[in-house]
Amino acid sequence: MISRRKVLQGVAAVGGLAAVPMPTAIAQSPASIRTLTARMGEVRLLEPGEPMTPVWGYDGLVPGPEIRVKQGGAVAVDLLNKLPQPTTIHWHGIRNDNAMDGVAGLTQPAVKPGETFAYRFTPPDAGTYWYHPHNRTWEQMARGLYGALVVEEPTPPAADQDLVLVFDDWRLGRDGKIDEASFGAMHDIAHAGRLGNILTLNGQFEKDLEVQAGQRLRLRLINSANARVMGIVFDGHAPIVIALDGQPLEVPFAPDRNRVVLAPAQRADIILDCSGDPGQAGDILVETGRERLRMGKLRYHPTKRQRSKVLADIPVLPPNPMPTTLEVDSAKITKVDLVMSGGAMSGFDSAIYQGKPYGIRELVRAHNKAWAFNGIVDMTKEPLKAIERGATVHVRMVNQTAWPHAMHFHGHHVKEIAHSRRKPQPYWRDTVLMQRGEEVTVAFKADNPGKWMLHCHMLEHQAGGMSTWYKVS
Ligand code: C2O
Ligand code: CU
């Protein structure tokens, strides 16, 4: 259950501005190599007066340092592993060089304790991305290892503030410590994943944003939770979504009920105009299940105004160098079917694990596995599909389970072209939220050679069998 203190009904406003300084943005040029040390730290996730929380963080921070580069600029990060476990960094959503994708066991060996790995790449696309480990991801992310990677447009649209807001979900004990006993718990694996009891915004229990009447904010929203889908609301304000998963929208839109829904790993860039008056405040809320939790406030300066009326135009971000054509001639299309099965309440009779058939009971009991793609549990030696470079690929994903899933493609963004319940949404995404029983076909141009993972980003589902890979030659 979520901490009741975070439930809105009748709870008095908690005052006090956050005392923890935000990690600083790092301006990078190819000449500046930045070391990120994955290490233990202690952070204040809970309110003042409550215990601190021991975490694993990049440079000991949660979120890790925000990395910002201009489009066309290079990212040069040396990962130094001071954790008691091997780790890597995956640059989520970057259409990256395969060797820099950071997937332990597929694109690189995991970096052992005490060792370093040099990540060097130039992100092709502007937008909001993030980084996290890709080894025991379900544990390492739940311990606090993640940070934002922002690639700025050469000429960003006018905004008075450009801020990253990372929403996370933690499972903490009364002592403020991360509940370690439940790491890898079968109940989480076979159900909705690891859902926590405390939500944080930028690593804080309540995080207020200082704004002025009339200001235009560009907010970069990131859901870094292991498994929780979040609806993000700025009470009394009307967001306009201008980018999803880093990629600009040709036609920005006002989301239904002013609520920006993010599955785990998804991002949205929004424009938020501060239409209130000086001295006002508006709650930043997360809607999840039947609860509405306050994460902080937009706190208006008591007297100052940025401008007398909010800006009227809606900016359209410049396009990224995405493939412009997706093949329509069906003879030239590489088709892939991905049938998702398993989990509580529907399961499967049997599935192949490490080359051998097993019944679901045995998989659950002896191997901590509960999910399959096309009847196969976990990664295999051979790819799900070997794809010729340049091909247009249609992946038909069928969710035969009783649970939602956040299907994440490495190396490429994909676009919905068919959906069993609604009109397909014409947005480039790297993570696609699917509800139970849904069938979604996505298309992409396989223009990035290498070995790329395709997995559920509800990390306990990934650990429990929902991961595969495809190869672009
Ligand atoms: Cu965000 Cu395979 O990862
Ligand atoms: Cu899933």
Side-chain angles (χ1 to χ4, degrees), residues 63-64 87-96 98 100-108 110 128-142 145-149 166 168 187-195 222-229 245-246 262-267 338-348 369-373 377-379 384 397-414 429-438 440 450-470:
T87 192
T88 62
I89 299 181
H90 168 57
W91 309 90
H92 182 117
I94 300 292
R95 298 186 299 133
N96 214 334
N98 193 241
M100 294 291 126
D101 203 42
V103 178
L106 188 70
T107 66
Q108 68 167 94
T128 302
Y129 304 94
W130 63 304
Y131 61 96
H132 64 73
H134 222 295
N135 190 51
R136 292 177 70 85
T137 320
W138 46 277
E139 174 184 348
Q140 295 190 0
M141 263 179 52
L145 286 162
Y146 59 81
L149 168 57
V166 193
D168 200 6
H187 184 274
D188 294 336
I189 290 178
H191 292 76
R194 182 182 176 92
L195 299 176
I222 303 176
N223 180 347
S224 69
N226 274 41
R228 189 183 292 280
V229 179
D245 293 353
L262 295 181
Q266 289 186 327
R267 288 90 61 214
L338 193 81
V339 177
M340 304 141 73
S341 65
M345 292 170 343
S346 59
F348 43 66
K369 302 290 175 186
W371 305 94
F373 288 150
V377 177
D378 269 3
M379 302 276 281
L384 170 75
M397 302 186 286
V398 185
N399 183 2
Q400 289 184 349
T401 80
W403 302 90
H405 300 286
M407 298 298 290
H408 172 46
F409 290 74
H410 284 219
H412 300 83
H413 277 65
V414 303
R429 302 218 67 146
D430 60 53
T431 307
V432 179
L433 177 60
M434 292 181 67
Q435 302 298 337
R436 59 186 294 173
E438 280 181 355
V440 178
K451 298 171 172 184
W452 303 110
M453 272 195 88
L454 164 53
H455 63 86
C456 180
H457 219 289
M458 290 165 174
L459 300 173
E460 289 67 35
H461 294 174
Q462 179 193 358
M466 286 195 140
S467 38
T468 186
W469 64 288
Y470 59 100

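Every heavy atom of this structure was used, including side-chain atoms; hydrogens, water molecules and symmetry mates were not. In listed order, ligands and their atoms are each counted from 1.
- Side-chain contact between F373 and L384 is absent, with no heavy-atom pair separated by less than 4.5 Å.
- The atom of H132 that is an N, O or S and sits closest to atom 1 (Cu) of ligand 1 is NE2.
- Among the atoms of H134, an N, O or S atom falls under 2.8 Å of atom 2 (Cu) of ligand 1.
- Taking the six-membered ring where tryptophan is involved, the planes of Y131 and W91 are tilted, since the angle between them lies from 30° to 60°.
- Between atom 2 (Cu) of ligand 1 and H455 there is an N/O/S contact shorter than 2.8 Å.
- Considering the Cu ion (ligand 2) as centre, the angle to ND1 of H405 and to ND1 of H461 is 100° (10° rounding).
- Using a 30° and 60° split on the angle between ring planes, W371 and H461 fall in the tilted class, from 30° to 60°.
- Put simply, H92 stays out of reach of atom 2 (Cu) of ligand 1, with no N, O or S atom under 2.8 Å from it.
- In this pair, W130 and H457 present their aromatic rings tilted. The plane angle is within the 30 to 60° band.
- Between H191 and H187, the ring planes lie parallel to each other; the angle is under 30°, not in the 30° to 60° tilted range.
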